[in-house]
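What you see is a predicted model; the values in this text were computed from it and never measured. Below, read A as the first sequence line, B as the second, and so on, with proteins coming before strands; counting in each chain starts at 1.
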Amino acid sequence: MAEDEQNYDFSAIEKKWQDYWEQQKTFRAEDISEKPKFYALDMFPYPSGAGLHIGHPEGYVASDILARYKRACGYNVLHPMGWDAFGLPAEQYAIKTGTHPSETTKNNIDNFRRQIKSIGFAIDWDREINTTDPNYYQWTQWIFLKLFQRGLAYVDEKPVWWCPALRAVLANEEVVDGKSEVGGHPVERKNLRQVVLKITAYAEKLLEGLDELDWPDSTKRQQKAWIGRSEGAEIQFKIDGQDHSLTVYTTRPDTLFGATYMVVAPEHPLLEQLVICEKKDQVKEYVQSAAKKSDLDRTDLAKEKSGVFTGSYCINPLSGERIPVWVADYVLISYGTGAIMAVPAHDERDYEFAEQFNIPIRRVIIPPEESSKEDKLPYIGSGNMVNSADFNGMDANTCKGKIIEDLESKAVGKSAINYKLRDWIFSRQRYWGEPIPLVWVNQSDFEKAQNTEGVIKNSLPPEAVTSVKDGETLYALPLPDSELPLKLPEVENYQPAGTGESPLATISEWLDIWFNLTTGKTISRKDEKPDDENWVAATRETNTMPQWAGSCWYHLRYLDPQNPKSLVDSQKEAYWGGPDFYIGGAEHAVLHLLYARFWHRFLFDEGILANPEPYNKLFHQGLILGEDGNKMSKSVGNVVSPDVVIDAYGADSLRLFEMFLGPLEAVKPWSEKGIEGVHRFLRKVHREFLNQKKQHKGEETNKDTLRLLHETILKVTEAINDLRFNVAISQMMILINHLQKANSYSESTATAFIQILAPFAPHLAEEIYAILGGSGSIVELAWPKARKELLIAEEITIVFQVNGKLRGQAKFPQGTDKETILATAKSDAKVLSFLEGKEIVKEIYVPGKLVNLAVKG
RNA sequence: GCCCGAGUGGCGGAAUGGUAGACGCUGCGGACUUAAAAUCCGUUUCCCCUAGGGAGUGAGGGUUCAAGUCCCUCCUCGGGCACCA
């Protein structure tokens, strides 16, 4: 090989250009611009102590390629990065070591930032955000106060998942199969005072909004299922011999005449009144045992249903029939009314229960005649009504409405809609989260607040938020905006209080305050009470917010990260709107993406934002597995660190290979050998373009080269738009292989090539551009246009098929007529041998592609 | 159990209903070299008596001149939900 060949010193090249970009602020986004905008957003990482792993950059590289490509297309591009840095691990580490979580978090962020910078992203680092920064969480608290003011926050004793090992309350979503999602520790039920957000008030809007979104279908489906809308009826059954009624929810009012028993959940408030004397002990015992069961037990025991007869009866509002009422834990208190009418003939669960307890099963719907084989019970389908008095013979589906009408006219029922979605338990009994900016006062001070003009009175919710503590009802008051951020106080010990309260509850200096009802100012109660009647004794809310809070609105803060006056300037928000591309893991399909939509829609309803939906276009990158095909994990020892890869092959190779592995959305294994392949490709590019002996000035003179170049520009452009980066890279490999074999090619060809390579391997592209004599940065060049007229070849290859099988081929000049081609095909020696003794029944000619002769005999 | 998605060489994967296996990896053979690395060239779906032919995209059917691609049934894997009345 040529002695003058330079090594591909990727380390030096990458360092050089990363420094250049940083110094020049190459990727600074304009706040507002004449240019159209493109906002590429990554799900920001939680900066863990383990550092970045190879899966993180996959999405970042994809969004970075788009960002760089769009910039070359003339867009004002924003590609920001930040840190979702509140969370359990830093707190756990603090409990173990006494290190302040902010210190751990700072170190982890520094390491993450270093790692991400080493990959060479087109990130505007001036817009970096951090959810644990008081200047950031001030606005998280501010949004909470808005929700509070609108009555969308309340406090309730809730049976919640308590994890003894983590000493923390977990959200439903953080419990998987009866264990904590983090760490896999067992969890149990415990009643605790919780701050809850009324996300259910947005159930309908969140459901409807999905239709408009350009999201993966599976993600939309998951959210739809999570919201779980169903239509049906609420029906009141009078309790026999009492004045009360039992209200049930059903989606099948058409099966009302088939109800042969009723069930109430063990936690149902009417249960006590329903139980007759003789059954008291038995029911009490049953309720107690049900309370002990975790959800895991309930699921495991799903095959074996359990329940107890209460001794009471209800009256079917239409038939007048007396129906026994049971208590059973297969009915959930948290859904519908916590009570059902059981129709064993047409519901699998009721059928199972009825079989087990010998309860009558009465069919009220028969399948339509055509499918009369479908005659087994339970029968879930539609059909015609039987055993249903006046409704007999009618179609069951139409009967739903008729029965509801009938119930409504008798004032014993109405149509109803139900959702599986529950309100969002928003409090965590932890230290390392945003403090919830509320204070608690007694009733008389609350009434005083209601009658004292000032910021507090003006930001009270429509209904008082209360909580009972030690037998006394306390009332929640909001801190005013002027008191934000409410900073986390210093604490001696990060261990939660044994009661399940947050460590903040142990800091009385912070907890017990004098609160001014006019101004909302606070001072510690250790200080003397000011001599002013507006100062009252109060205690602070000690719960902190869940990790989801900060990520509900971070996409907005990137638009205006330093703004001390509002969470985002409305002009900037109007210009940028939402992200044009949002990429992250599918594991956030429901939680983060639903919570963020909720907050965003709320802010839209408040008139604070111009758009109702936060993320119009969403994409999930697929997991990168270890080389052994298993999920990367420390314990298996198959984790690949980007640091190691960059050290050995460089950031450009890492970027290119992550995209070359396979389709972006696919789950695919890492391969050490595979990265050598793309690294070789980059070395080849480096070698080829540095050896300028083959290059000549002016336009490309070789027609094949010119055609392939423009085919490559076209394919790469299309592939980027379709997020098919693996295909784009293949095509570039084809081109470099061609140039390597060519005797010479023009400088303009080389420049066009590195321009389309630049979004993928930006450092190498910059270096070659500089060597070829380009000034400034390659990112300033406009994206090359594919000249489609060059793609038409002078000669076309036509394939000859007989009965769809390849039998020959020939080249023809562009524009050869059909007859000539067919004649040539039919006289082709090989084709002829397959036509012998047969009759041609059909001749197909696909222009420019193939001839197919269908033969018979 | 229910709802999705996916099955293509030794491997990762290409293929608007139109030449299956592009591109890359691996293996094998060769060139260069004292040697190695690097680089380059050839070869790599399977079967057959290798001229050439036959089979082939999880299995079986179907539609079509033509099916990896569309339709039906089934199998396997992956993901989600899981007593929500």
Side-chain angles (χ1 to χ4, degrees), chain A residues 1-2 5 7-8 177 216-222 224-226 228-230 232 248-252 255 263 295 298-299 301-303 305 328-332 334-343 346-350 352-353 418-422 586-587 589-590 620 622-623 627 629 656-657 660-663 665-678 680-681 683-684 687 724 726-734 737 740-741 797-809 830 833 840-856:
Chain A
M1 272 287 107
E5 186 186 317
N7 274 337
Y8 170 34
D177 288 337
D217 279 342
S218 62
T219 305
K220 285 195 193 182
R221 226 179 289 116
Q222 277 182 61
K224 230 172 237 179
W226 193 262
R229 183 185 199 274
S230 76
V248 305
Y249 173 74
T250 178
T251 54
R252 296 293 304 272
T255 63
V263 183
D295 272 12
R298 283 198 179 189
T299 311
L301 297 170
K303 285 166 205 153
K305 289 218 165 20
D329 67 1
Y330 82 92
V331 169
L332 309 174
S334 48
Y335 183 78
T337 62
I340 61 159
M341 62 175 210
V343 185
H346 304 291
D347 180 278
E348 278 182 47
R349 298 145 302 183
D350 297 346
E352 220 178 278
F353 191 85
N418 249 304
Y419 301 91
K420 289 185 198 172
L421 186 68
R422 317 277 167 79
E587 69 273 17
V590 206
H620 299 305
L623 217 59
E627 194 138 19
L656 208 62
F657 186 54
F660 190 62
L661 273 173
E665 69 278 13
V667 177
K668 54 235 168 217
W670 183 258
S671 158
E672 184 71 29
K673 284 287 177 192
I675 194 166
E676 283 177 20
V678 293
R680 268 201 280 274
F681 163 69
R683 257 201 329 244
K684 201 184 282 185
R687 190 177 344 110
R724 292 160 41 100
N726 54 331
V727 181
I729 295 165
S730 299
Q731 186 59 39
M732 290 189 280
M733 286 173 168
I734 291 170
N737 289 346
Q740 180 188 285
K741 285 176 187 128
T797 302
I798 300 290
V799 168
F800 303 149
Q801 295 182 339
V802 178
N803 280 349
K805 288 199 173 132
L806 181 68
R807 297 303 178 193
Q809 60 180 54
K830 254 180 230 162
S833 71
I840 297 176
V841 292
K842 198 161 185 179
E843 297 174 357
I844 311 285
Y845 172 61
V846 181
K849 288 247 163 103
L850 58 78
V851 167
N852 188 14
L853 304 172
V855 300
K856 210 170 67 176

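Using a 4.5 Å heavy-atom threshold, the side chains of A/Arg252 and A/Val343 count as separate. Contact check for A/Phe660 versus A/Ile675: no side-chain heavy atoms found under the 4.5 Å cut-off. A heavy-atom distance below 4.5 Å is found between the side chains of A/Ile340 and A/Asp350.
A/Lys420 comes within 4.0 angstrom of a nucleotide base, judged by non-hydrogen atoms across all strands. As judged by a 4.0 angstrom heavy-atom cut-off over every strand, A/Arg807 is placed among residues touching the sugar-phosphate backbone only. Counting any heavy atom pair closer than 4.0 Å across all strands shown, A/Thr250 reaches sugar-phosphate atoms only and no base atom. As judged by a 4.0 angstrom heavy-atom cut-off over every strand, A/Lys224 is placed among residues making no nucleic acid contact. When heavy atoms are screened at a 4.0 angstrom cut-off, A/Ser230 is found touching the sugar-phosphate backbone but no base atom. Among the atoms of the strands shown, base atoms are found under 4.0 Å from some heavy atom of A/Leu850.
Separating the CG atom of A/Asn803 from the C1' atom of B/G54 is a distance of 16 Å, rounded to the nearest angstrom. Taking atom CD of residue A/Glu676 and atom P of nucleotide B/A37, one finds them 13 Å apart after rounding to whole Å. To the nearest angstrom, P of B/C25 lies 11 Å from CZ of A/Arg683. Across the protein-nucleic acid pair, A/Leu661 atom CG and B/G12 atom P stand 11 Å apart, rounded to whole Å. Look at CZ on A/Phe657: it is 18 Å from P on B/C23, rounded to the nearest Å. Here B/G1 presents its C1' atom at 14 Å from CG of A/Asp347, a figure rounded to the nearest Å. Note: CG (A/Asn7) to C1' (B/A37) measures 12 Å, nearest angstrom. Going from atom CG of A/Asp329 over to atom P of B/A82 covers 17 Å, rounded to whole Å.
A/Gln801 contributes atom CD, which lies 12.0 Å from atom NZ of A/Lys849 (distance to the nearest 0.5 angstrom). With rounding to the nearest 0.5 Å, the separation of OH in A/Tyr330 from CD in A/Glu352 is 9.0 Å. To the nearest 0.5 Å, the span separating OG1 on A/Thr255 from NE2 on A/His346 amounts to 7.0 Å. Atom NZ of A/Lys224 is separated from atom NZ of A/Lys420 by 13.5 Å, given to the nearest 0.5 angstrom. A distance of 12.5 Å separates CD1 of A/Ile734 from CD1 of A/Ile729, quoted to the nearest 0.5 Å. Here the straight-line distance linking atom NZ of A/Lys684 with atom CD of A/Gln740 works out to 4.5 Å at 0.5 Å rounding.
Relative ring orientation between A/Tyr335 and A/Tyr249 is described as perpendicular, the plane-to-plane angle rising above 60° on a 0-90° scale split at 30° and 60°.
Considering only the side chain of A/Lys830, B/G53 comes nearest among B/C81, B/G53, B/U26. Looking at the side chain of A/Lys842, the nearest of the listed nucleotides B/C65, B/U39, B/A85 is B/C65. Distance from the side chain of A/Val331 is smallest to B/A85 among B/C25, B/A85, B/C40. Here the side chain of A/Leu806 is nearest to one of B/U19, B/G18, B/A22, namely B/U19. The side chain of A/Gln801 lies closest to B/G18, out of B/A85, B/G13, B/G18. Taking only side-chain atoms of A/Gln222, from C-beta outward, the nucleotide of B/G80, B/G13, B/A85 with the closest atom is B/G80. Of the candidate nucleotides B/C41, B/U26, B/G24, B/U26 has the atom nearest to the side chain of A/Lys673. Listed nucleotides B/C81, B/A85, B/C65 differ in distance to A/Ile340; the shortest reach to its side chain belongs to B/A85. Listed nucleotides B/A22, B/A85, B/G12 differ in distance to A/Pro669; the shortest reach to its side chain belongs to B/G12.
Of the possible polar contacts, one joining the A/Glu627 side chain to the A/Glu672 backbone as a donor-acceptor pair under 3.5 Å is found. Without hydrogens or angle criteria, A/Asn803 side chain to A/Val855 main chain gives a donor-acceptor distance under 3.5 Å.
The separation of B/C49 from B/G5, taken at their P atoms, amounts to 45 Å, rounded to a whole angstrom. Distance check on atom C1': B/G1 versus B/U69 gives 32 Å, rounded to whole Å. When the P atom is used for both B/U8 and B/G13, the distance is 9 Å, rounded to whole Å. Rounded to whole Å, the separation between the C1' atoms of B/A55 and B/G68 comes to 16 Å. Comparing B/C46 with B/G9, their P atoms are spaced 11 Å from each other, to the whole Å. Comparing the same atom, P, in B/A20 and in B/A66 gives a spacing of 14 Å after rounding to whole Å. Comparing the P positions of B/C74 and B/G21 gives an interatomic distance of 33 Å, to the nearest angstrom. B/A15 and B/C83 have their C1' atoms separated by 46 Å, with the value rounded to a whole Å.
Considering only side-chain N and O atoms, A/Ser218 lies nowhere under 4.0 angstrom from the phosphate OP1 or OP2 of B/C3. OP1 or OP2 of B/A55 lies within a sub-4.0 Å distance of a side-chain N or O belonging to A/Lys805. Look at A/Asn737 and you'll find a side-chain N or O under 4.0 angstrom from OP1 or OP2 of B/G24. Phosphate contact (OP1/OP2 of B/A85, side-chain N/O of A/Tyr335, threshold under 4.0 Å): present. Contact check, A/Gln731 against B/A22: no side-chain N or O comes under 4.0 Å of OP1 or OP2.
Of the two residues near RNA chain B, A/Gly674 and A/Thr797, the one whose nearest nucleotide lies more 5' is A/Thr797.
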Can you pull every protein N or O that's under 3.5 Å from an N or O on nucleotides 14-16 of chain B?
unit_1, atom_1, unit_2, atom_2, d
B/A14, OP1, A/Asn726, ND2, 3.1
B/A15, OP1, A/Arg724, NH1, 3.4
B/A15, OP1, A/Arg724, NH2, 2.1

Each nucleotide N or O in nucleotides 5-9 of chain B that has a protein N or O under 3.5 Å away: list the pair and distance.
none

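Between the side chains of A/Lys842 and A/Asn852, no donor N or O sits under 3.5 Å from an acceptor N or O.
Taking a pair as Watson-Crick or G-U wobble with both distances under 3.5 Å, the runs of three or more consecutive pairs in RNA chain B are B:1-7 with B:75-81, B:10-12 with B:23-25, B:27-31 with B:39-43, B:45-48 with B:52-55, B:58-62 with B:70-74.
For the pair A/Phe681 and A/Met732, the tightest heavy-atom approach, listed with the atom from each and the gap, is CE1-O, 3.7 Å. When all heavy atoms of A/His620 and A/Pro216 are compared, the pair lying nearest together is CD2-CG, 3.7 Å.
Residue A/Glu843 qualifies as enclosed at atom CD: its count of foreign heavy atoms under 6.0 Å is above 12.
Base orientation at B/G60 is anti, since its O4'-C1' glycosidic dihedral falls outside 90° of 0.
The base of B/C83 lies close enough to the side chain of A/Lys305 for a donor and an acceptor atom to sit less than 3.5 Å apart.
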